[in-house]
Each structure stands twice: as C-alpha cells, then as structure tokens.
Amino acid sequence: MTRPITPGESPAFWRSLVHRTLITPLLPQPRLRRLVQLCVGLYLFGLGLAAQVASGLGAAPWDVLHQGLHLRTGWSIGTWVIITGVIVILLWIPLRQRAGLGTLLNATGIGVALDVSLLWLPAPDGLVGQVVLLVVGIVAVAAGGGMYIGAGLGPGPRDGLMTGLAERGMAISVARTLIEVSVVAAGFVLGGTVGVGTLVFALAIGPLTQLFLPPFHVDRRVAG
C-alpha cells in the first residue's frame, strides 16, 4: 500500500511556501546588471553609514541603536546591523511580506560593509572633517539605496517592515516615524550617538534617495 504524502513532502506544499515567502524569480533579467548594481549599492550604503558613524556628529537612526548595542556588548556595529536585520525580517511573517534576493543580501551585506569601512576610514580632522564625512556618508547612503532599490530584487528588512505596516492600514509616514523614533530612543538610552547628523540624515535621506532612484531603475525589458 502506498504511504500517503504529508504536506511537508509534497512538491506543491514547498512551491506554495516559496510563493508566500519569497519574491519570484529571485534574480530576473537582466541578471548580471541587477546583481552587480545590488552589490555595489549595498557596499555604498554600508560605507555611508560607516562614514556617518566616524564623523561623530550623530549616527543614522537605526545605527544609534546598533552603536548603543555595540557599546553594551562589545560586538561590532556591523554585527548588530546583521542581527537586527534578521530579527526585522522575522517580524515580516505576520505582516505577510515577501523577501527577495536583495532582502537577504541586504540583511548581511550592509553590516559587513559598515565594519570593513570603519577599518580604513580616516579619523576626521576637526569640525570641517566631521562635516565632510557626514555629507559624504549621507550621499553615499542615498546613492546606495537608489541602486539596491532600483535593482528590483526586494526591499531591505527595515523598508519591508514599514511597507508591511502601511499595508495593514498605518500611513507609511507614521510607520517610519514611529519605528525610527523608537530605535533612536532605545539607542540613546544604550549610549548611541544622537546629534545634528541624526537629524540631517532623517530629513535628507528621503529626497536624496528619490533623486538617485530614476537613473538606477532596472527595466525588465532591458536585455542583460
């Protein structure tokens, strides 16, 4: 007598699970351009965050939390970027958000890029050096964001959390404000650096990323 197939053994079950949790196909055409643009964008994003941390004028909102956790545990800021990214992706489950290849690489790549960049970034020489690092950092984050979003391989963990909440009826501006105020407050309590750079980042990153999106948008009709 043939043994019945359990849901966990059924090909249809696994296809359905992939469809519910992942954006498919994971790497659509043009594959090479998307993958290269994604990787360069993620490195620029991590480099920009590192430059802002190194400026000492205030970390980006999420990095205030990561920096605070670093000070409390001794684990690197990039390690905490990865840990919180994975935790945030798990929060997608009840929100029914679907991850892409970009989501998975974002969760690990930015943290690695941040830590590597902090190893070679120079210490700022006075206020002028701090301001230069801050400005370069914010522009690099915006350019990197435009590149990885434009690659169309899935949102970053934190972006997906905001859009997931928006799809459940919360205005995206409210969701973003609520999340970022919460992480800044928690990071500040833990000892993270909050300063003028934190405010400038919060005000400038949206418009700047929007500026970089059009030139990096990958059209599916483009041959790769």
Side-chain angles (χ1 to χ4, degrees), residues 20-23 26 38-56 58-121 137-138 140-142 144-145 147-149 151 153-166 175-195 197-198 201-202 205 209:
R20 292 197 308 268
T21 58
L22 295 176
I23 297 170
L26 284 177
L38 172 69
C39 292
V40 173
L42 292 178
Y43 180 74
L44 276 178
F45 201 99
L47 170 63
L49 293 177
Q52 184 161 355
V53 169
S55 77
W62 275 92
D63 285 335
V64 176
L65 175 62
H66 302 143
Q67 192 178 40
L69 290 166
H70 156 68
L71 293 172
R72 295 287 180 169
T73 64
W75 296 359
S76 72
I77 297 174
T79 298
W80 280 110
V81 171
I82 295 170
I83 291 172
T84 58
V86 171
I87 292 171
V88 169
I89 290 176
L90 293 177
L91 295 177
W92 286 22
I93 296 173
L95 297 174
R96 297 182 181 177
Q97 292 293 287
R98 291 192 296 166
L101 179 62
T103 309
L104 305 178
L105 292 181
N106 182 305
T108 55
I110 289 177
V112 173
L114 190 156
D115 276 350
V116 169
S117 299
L118 283 175
L119 293 175
W120 63 263
L121 279 171
I138 292 174
V141 169
M147 291 182 76
Y148 88 69
I149 294 170
L153 296 176
R158 296 153 187 84
D159 298 327
L161 179 59
M162 287 184 290
T163 55
L165 290 172
R176 178 166 189 158
T177 300
L178 179 63
I179 292 169
E180 296 198 348
V181 167
S182 299
V183 297
V184 167
F188 179 73
V189 170
L190 292 170
T193 305
V194 178
T198 309
F201 182 96
I205 196 61
T209 302

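All values reported here derive from a predicted model rather than from experimental measurement.
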| said: Set out, in order, the CA-CA distance, both residues' side-chain angles and the distance that settles side-chain contact (heavy atoms from CB on, under 4.5 Å) for V81 and W62, then state yes or no. | reply: CA-CA 8 Å; V81 171; W62 275 92; over 6 Å; no
So, for [X] and [Y], which heavy atoms are closest and what is the spacing to 0.1 Å?
X	Y	result
A113	Y43	CB-CD1, 3.5 Å
N106	Y148	ND2-CZ, 3.4 Å
H66	T84	NE2-OG1, 2.8 Å
S117	A50	CB-CB, 3.7 Å
I23	P155	CD1-CD, 4.3 Å
V53	A59	CG2-CB, 4.3 Å

| Are any side-chain N or O atoms of T198 and backbone N or O atoms of P61, one a donor and one an acceptor, separated by less than 3.5 Å? |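 Side chain of T198 to backbone of P61: no pair is present.
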| Short question: side chain of R72, backbone of L190 - any donor-acceptor pair under 3.5 Å? |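 Pair found, side chain donor or acceptor close to backbone of L190.
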| Which residues pass the side-chain contact (heavy atoms from CB on, under 4.5 Å) test with A140, sequence neighbours left out? |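 Checked A140 against side-chain contact (heavy atoms from CB on, under 4.5 Å); zero matches.
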To the nearest 0.5 Å, how far apart are [atom1] in [X] and [atom2] in [Y]?
X	Y	atom1	atom2	value
L44	I110	CG	CD1	10.5 Å
L47	Q52	CG	CD	12.0 Å
D63	L114	CG	CG	6.0 Å
L69	I83	CG	CD1	8.5 Å
I77	D115	CD1	CG	7.5 Å
T103	L22	OG1	CG	9.0 Å

| message | Suppose we screen for side-chain hydrogen bond (donor to acceptor under 3.5 Å, both in side chains). Which residues come up paired with S182, at least two apart in sequence or across chains? | response |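 So S182 forms no side-chain hydrogen bond (donor to acceptor under 3.5 Å, both in side chains) with any residue.
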| message | Between L165 and I179, does the side-chain contact (heavy atoms from CB on, under 4.5 Å) criterion hold? Intermediate values first, please. | response | CA-CA 10 Å; L165 290 172; I179 292 169; 3.8 Å; yes
| query | With side chains defined as the heavy atoms from C-beta onward, is the minimum distance between L49 and V141 less than 4.5 Å? | reply |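 Yes, close enough: below the 4.5 Å cut-off.
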| task | Would you please classify the geometry between the W80 ring and the W75 ring as parallel, tilted or perpendicular, with 30° and 60° separating the classes? | result |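 Because their plane-to-plane angle is under 30°, the rings of W75 and W80 count as parallel.
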| said: With salt bridge (Lys or Arg N to Asp or Glu O under 4.0 Å) as the rule and sequence neighbours excluded, what pairs involving residues 175-186 come up? | reply: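 Pairs touching residues 175-186 that pass the test: R176-E180.
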